[in-house]
Enquirer: 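Once you've had a glance at the structure underneath, I'll fire off some questions.
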Amino acid sequence: MKQVPEQLLKPFDAKSVEAELYKMWEESGYFNPDNLPLVNGQPRTENYSIILPPPNVTGTLHCGHALMLVIQDILIRFKRMQGFNTLWLPGTDHASIATQSIVEKKISKEEGKSRHDLGREELLKRVDEFAKQSQETIIKQTKAMGASLDWSRLAFTLDEKRNLAVRTAFKKMYDDGLIYRGLRAINWDPKGQTTISDDEIVSEEKEGVMYTFKYSADFPIAISSTRPETKVGDTAVAVHPDDERYKEFIGKTFTCDFAGNKIEVKVIADHHVDKEFGTGALGVTPAHSKADWEIKERHDLPMRIVINEYAKMTEDAGTLLAGKKVTEAREEVVKWLKENNLLIGEEKTTQQIPTAERTGGLVETIPKMQWFVAVNKKFNHFGNEKTLKDLMREAVDNGETKILPDRFERVYHHWINDLHDWCISRQIWYGHRVPVWYKKESRIKDEGLSEMQNSDTEVYCGINPPEGNDWIQDEDTLDTWFSSALWTFSTLGWPNDTIDLKKFHPTTVMETGYDIIFFWVARMILASKYLLNETPFKTVYLHGLVRDMQNRKFSKTLGNGIDPLEMIEKYGTDALRMALVVGNGAGNDTKLSEDKIKAYKHFANKIWNATRFVLERTNDLEKELSVNELTESHQNYYKEWTDKKSEITKDLEEFRLGQATEKIYDFFWHRFADVIIEEMKKEILQGAKSDEDVRSQQVEDAKQISKISAQSLLLILLREQIITMHPFIPFVTEEVWKYIKRDKDDLLMVTKW
RNA sequence: GGGAGAUUAGCUCAGUUGGUAGAGCAACUCGUUUACACCGAGAAGGUCACAGGUUCGAGUCCUGUAUCUCCCACCA
């Protein structure tokens, strides 16, 4: 007669077992596909791989991470149990701007020094130290979620291997003419002191004033602007070619005294201008507006730079404004306009202010020499003439990559259509340095704009530095998304021809948030199609945002986050995992509350108690019957379960995790515990030896058979449900498995599904 | 300005291919010499936003309306 283990007699205490279970899994080596056990004596032939979207090294685990980890862990554990050769590869992201600015702030606060006081080398040393420390935190927290990641393959977006991948990719694109250096009106973040890409801009709605005015009394056309201070940089006024009001002035150049500044303004005709808007005339400021830059290109206009990298007016802005902040300069210009009777109208409007996603700084458009990826340029791609846009489109169009939910495929295409060349250089020190060198003598390195004069410098682009010591490397680093774009294959050893790369690329699933479909998903497709001529992943599963009960995003700045670590502490990891994934479908946001997590803590306990009960009521069972030896009614219960199980399997195969979770929860609690156990309870009780001698031998035998069958059914159903629940709630199931597994069984995490 | 999504019980949300409306939480009644009060049984709660249409049959498909949310965009 078996004794019920003592541990089972107390309520389930997640806290006391989780750390140890995780350690046991890690030590088993089964997170690593190279160590996975055979399946029915056969090696695992089918590969299944997910590369973890790397969290920022600086971060602490938030609910978004938790959701991502849970979904991926469910998929991986499910496939591992099904017998696939599973790889889930972890990594962290150096997140250049975010990380550097945290360290800069710290240094400025503690030592009162700027990055320039420290110098590049010293700052990088400090940032590296910080990143290393920080990385350990996020890794520890990731483990607390139960994530079955292969830590032996841990990658970092800025380590030596990834750097080689970046240099190799850059060089190839450079040689194909897809990366070029050029002078463009770019997005400048004065706070972060760097350029940023279009995708890193967040528009903020703000109240503003639209001023309508003339440059000077003798200038015939009035213009409108919310930013009159930029107008000292105007070199033209554009009107619609069909606009009768202004036809007579087209082609004429006027010299005006405007805000203490002499400006030369040519009147030009351009179809871009909307006759109905404002005065129907547009002051063209080529240096500080992208639209105006394009007009400049079309009409070959000169430009005047009046705003500098610190969002202050330059010397060229004229004596009245030079040195002032743009906001001060605006007031100054308005004052000047009023004094000179040139202000015709003021009108309140709401305007979209571009701000930098990472720093919140107000983004200025400034012309600068930068590195770009040409997305519309034709090149020879494995024998075909293609553009990078073509490659991105094709992967989805021909079904190599499936995006879930599929409505995002349309979103993806819209984005590609509107895509401009991608500015990839950053004036941040922490990141992959542009692998380009210039001949020393021919280059005068100065802050900012003097580079413009150096566009004909001798340039070397290579994976390794050029020979000789008269070369100087480009100061800039690359957009962090450039290295992230290579993530699915740089983590597997590319550019080396590795076994991992052959086995696991294209990866099976990319699971990430829909908010980074452009930043990341599209660029991974671009990079992988371009460099490997294959899609980086067969399926993209996009999850939604985790929000609070007021439907707000969880964010550090709002301070409204549910701290997953606190929830784990209070209710156990399994409870948090269930709460995150129940009812959550692809692409939908999910609301999380503490109550919900609490409810699933009860579920873990229910499993615990049911296990104890089943063990108690079956401890006199000599030999467990197999399924086809059970009584007919018991076989029917078993059939009911296997039907449910195949539904759950199908749900998982088709990424309906929320529904799978709900089904297993419902069956275990409301069918197995509430009904089947209660039924079996009676049958087992009736089968107990009776003291009275009233029952005939025949009846006694029948009762005995039914009892043994009932006991066997309970054990079989419990075991199978524990297996099925494992991907969702790995801890409590693995713990319980210790007590219900048969002698030949291995860890639950590798038990056949 | 363009695009996408949402609207189902008091709250938060599920609802595959059209086939008798579901769960958790909350509230209500009853039960418990007991695997589990981190429990069980029961009842209550819904014109599935609104208006049309397709269909034997619509929460689900189509058209329109309303409200909310999100994304994209160089209207100065």
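Chain letters run A, B, ... following the sequence lines, proteins first and then strands; every chain starts at 1.
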Enquirer: I need the CD-P distance between Gln352(A) and rC74(B), as an integer number of Å.
Expert: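 It is 11 Å, rounded to the nearest whole Å.
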Enquirer: Crowded around Lys15(A) NZ? As in, over 12 foreign heavy atoms under 6.0 Å?
Expert: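 No, NZ of Lys15(A) has 12 or fewer neighbouring heavy atoms, counting only those of other groups under 6.0 Å.
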Enquirer: Base, sugar-phosphate or nothing for Asp666(A)? Non-hydrogen atoms, less than 4.0 Å.
Expert: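 Nothing, no nucleic acid heavy atom in range.
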Enquirer: With a 3.5 Å cut-off and sequence neighbours excluded, list the donor-acceptor pairs that the side chains of residues 343-357 of chain A form with protein atoms.
Expert:
{"from": "Gln351(A)", "atom 1": "OE1", "to": "Thr226(A)", "atom 2": "OG1", "distance (Å)": "3.2"}
{"from": "Gln352(A)", "atom 1": "NE2", "to": "Glu205(A)", "atom 2": "OE2", "distance (Å)": "3.0"}
{"from": "Thr355(A)", "atom 1": "OG1", "to": "Val202(A)", "atom 2": "O", "distance (Å)": "2.8"}

Enquirer: Mind checking ring-ring contact (aromatic ring centres under 6.0 Å, His included) for Tyr541(A) and listing every partner two or more places apart, or none if nothing turns up?
Expert: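 For Tyr541(A), the residues satisfying ring-ring contact (aromatic ring centres under 6.0 Å, His included) (neighbours in sequence not counted) are Phe655(A).
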Enquirer: Pick the P atom in rG5(B) and in rC36(B), then give their distance to the nearest Å.
Expert: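 Comparing P positions in rG5(B) and rC36(B) gives a spacing of 50 Å.
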Enquirer: Counting heavy atoms from C-beta on, name the nucleotide in rA76(B), rG24(B), rG15(B) closest to the side chain of Gln659(A).
Expert: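 Shortest atom-to-atom distance from the side chain points to rG15(B).
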Enquirer: In dot-bracket, 5' to 3', how would RNA chain B read with Watson-Crick or G-U wobble pairs under 3.5 Å, [ ] for crossing ones and | for pairs to another strand?
Expert: (((((((..((((.....[..))))..(((((....).))))......(((((..]....))))))))))))....
Enquirer: Please state whether the base of rC38(B) and the side chain of Asn605(A) form at least one donor-acceptor pair under 3.5 Å?
Expert: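 In this structure, the two groups form a donor-acceptor pair.
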Enquirer: Quick one: label Glu654(A) by what it contacts on the DNA or RNA (base, sugar-phosphate, nothing), any heavy atom closer than 4.0 Å.
Expert: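 Here Glu654(A) touches no strand at all.
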Enquirer: So, does the side chain of Lys606(A) form a donor-acceptor pair with the base of rC36(B) at under 3.5 Å?
Expert: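 By the distance-only test, yes, there is a pair.
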Enquirer: Among rC72(B), rA76(B), rA35(B), find the nucleotide with the atom closest to the side chain of Ile677(A).
Expert: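 Of the candidates, rA35(B) comes closest.
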